[in-house]
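Remember, predicted model here, so these are calculated numbers, not experimental data.
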Amino acid sequence: MAEKTKVVEVVPYDPAWKAEYSRIEARMLEIAGDLIIRSEHVGSTSIEGLWAKPVIDIDLVMESYEQLPEIIRRLQAFGYEHQGNMGIEGREAFKSNQDDGFMKYHLYVCPKDGKGYVEHILFRDYLRCHPAAREEYQAVKQRLAEKYRYDIDAYCDGKTAFVQSILQKVSQ
């Protein structure tokens, strides 16, 4: 319930988000780079020009779930808590339990063919290439942030129909 007291804030795109992603990525690759085949800046902060919640989303991509136990062990040694897939198949979430000097971020570890990872990339790339869809998504996010200012769950749920409509377009 504590999440509901936080303010849902959607702000103009900030070019500094790219640099912050790079800082977080470098740290993650120091911890588990030999077990990761690539890392991706996903979510709204990865799409130039799109207003977003100022939270970086990073997907660390592993070959398969065989690497996950060692990745969990290493991340735990650096103060990260494994939160499971949080209801999204093909994506394992982690939360830092300490102030690590980065802006707020969401860390996910995904197999290369995991649904959560694949959908992150398809959605990101579609919005990067389709300005009208990007503007429509921004309007949806701004409206939801105003309507659900203190309810992050309702804000996230409200974006689902738009996200699914884009994913249906790209999978046809």
Shared hydrophobic cluster for [X] and [Y] (ILVMFWY, side-chain gaps under 4.5 Å):
| X | Y | value |
| --- | --- | --- |
| I72 | L29 | yes |
| I24 | M62 | yes |
| I37 | V109 | no |
| I121 | W17 | no |
| L75 | I56 | yes |

Are the side chain of [X] and the backbone N or O of [Y] linked by a donor-acceptor pair below 3.5 Å?
| X | Y | result |
| --- | --- | --- |
| D59 | V61 | no |
| Q67 | S64 | yes |
| R128 | I47 | no |
| Q98 | F78 | yes |

List the steps and the verdict of side chain to side chain contact (heavy atoms under 4.5 Å, CB included) for Y80 and D100. CA-CA 10 Å; Y80 290 86; D100 52 15; 3.2 Å; yes

Salt bridge check: are E30 and R27 linked by an N-O gap of less than 4.0 Å? yes

Would you tell me whether [X] and [Y] have side-chain atoms, one donor and one acceptor, within less than 3.5 Å of each other?
| X | Y | value |
| --- | --- | --- |
| Y13 | T45 | no |
| Q76 | H82 | no |
| S44 | K53 | no |

Counting only heavy atoms not in K159, do more than 12 fall under 6.0 Å of its NZ? yes

Over all heavy atoms of both residues, which pair between [X] and [Y] is shortest? Give the atoms and the distance, please.
| X | Y | answer |
| --- | --- | --- |
| L144 | G158 | CD1-C, 3.4 Å |
| M103 | V55 | CE-N, 4.0 Å |
| I166 | A133 | CD1-CB, 4.3 Å |
| Q83 | F94 | OE1-C, 3.7 Å |
| S46 | V42 | OG-C, 3.4 Å |
| P54 | V11 | CD-CG2, 4.2 Å |

Validation row, ring centre Y137 to ring centre F162 under 6.0 Å: yes

Reported [atom1]-to-[atom2] distance for the pair [X] and [Y], which is rounded to 0.5 angstrom:
| X | Y | atom1 | atom2 | value |
| --- | --- | --- | --- | --- |
| E89 | E119 | CD | CD | 9.0 Å |
| L107 | K95 | CG | NZ | 13.0 Å |
| Q138 | L127 | CD | CG | 10.5 Å |
| K6 | D151 | NZ | CG | 13.5 Å |

Show, in sequence, the C-alpha distance, side-chain angles and deciding distance for E9 and R149, and conclude whether the salt bridge (charged side-chain N to carboxylate O under 4.0 Å, His left out) test is met. CA-CA 7 Å; E9 179 185 35; R149 189 164 173 77; over 6 Å; no

Determine which pairs satisfy salt bridge (Lys or Arg N to Asp or Glu O under 4.0 Å) with at least one residue from residues 65-85, sequence neighbours left out, and list them in order. D34-R74, E70-R73, E70-R74

Between E20 and R23, is a salt bridge (charged side-chain N to carboxylate O under 4.0 Å, His left out) present by the stated rule, with each step listed? CA-CA 5 Å; E20 188 64 7; R23 290 181 60 231; 2.7 Å; yes

Determine whether [X] and [Y] make a side-chain contact, defined as any pair of heavy atoms from C-beta on separated by less than 4.5 Å.
| X | Y | result |
| --- | --- | --- |
| Y126 | K169 | yes |
| E48 | K18 | yes |
| R143 | Y148 | no |
| H41 | D57 | no |

Decide yes or no on side chain to side chain contact (heavy atoms under 4.5 Å, CB included) for L167 and Q164, but give the supporting numbers first. CA-CA 5 Å; L167 292 174; Q164 289 304 317; 4.1 Å; yes

Take I71 and I36 through the side chain to side chain contact (heavy atoms under 4.5 Å, CB included) test and state the conclusion after the steps. CA-CA 9 Å; I71 293 170; I36 299 301; 3.8 Å; yes

Can you spot which of K112, R38, R91 makes a side-chain hydrogen bond (donor to acceptor under 3.5 Å, both in side chains) with Y117? R38

Among all residues two or more places apart in sequence or in another chain, which pass the side-chain contact (heavy atoms from CB on, under 4.5 Å) test with A145? V8, V10, Y155

Under 30°, 30 to 60°, or over 60°: which ring-plane class applies to H106 and Y108, parallel, tilted or perpendicular? tilted

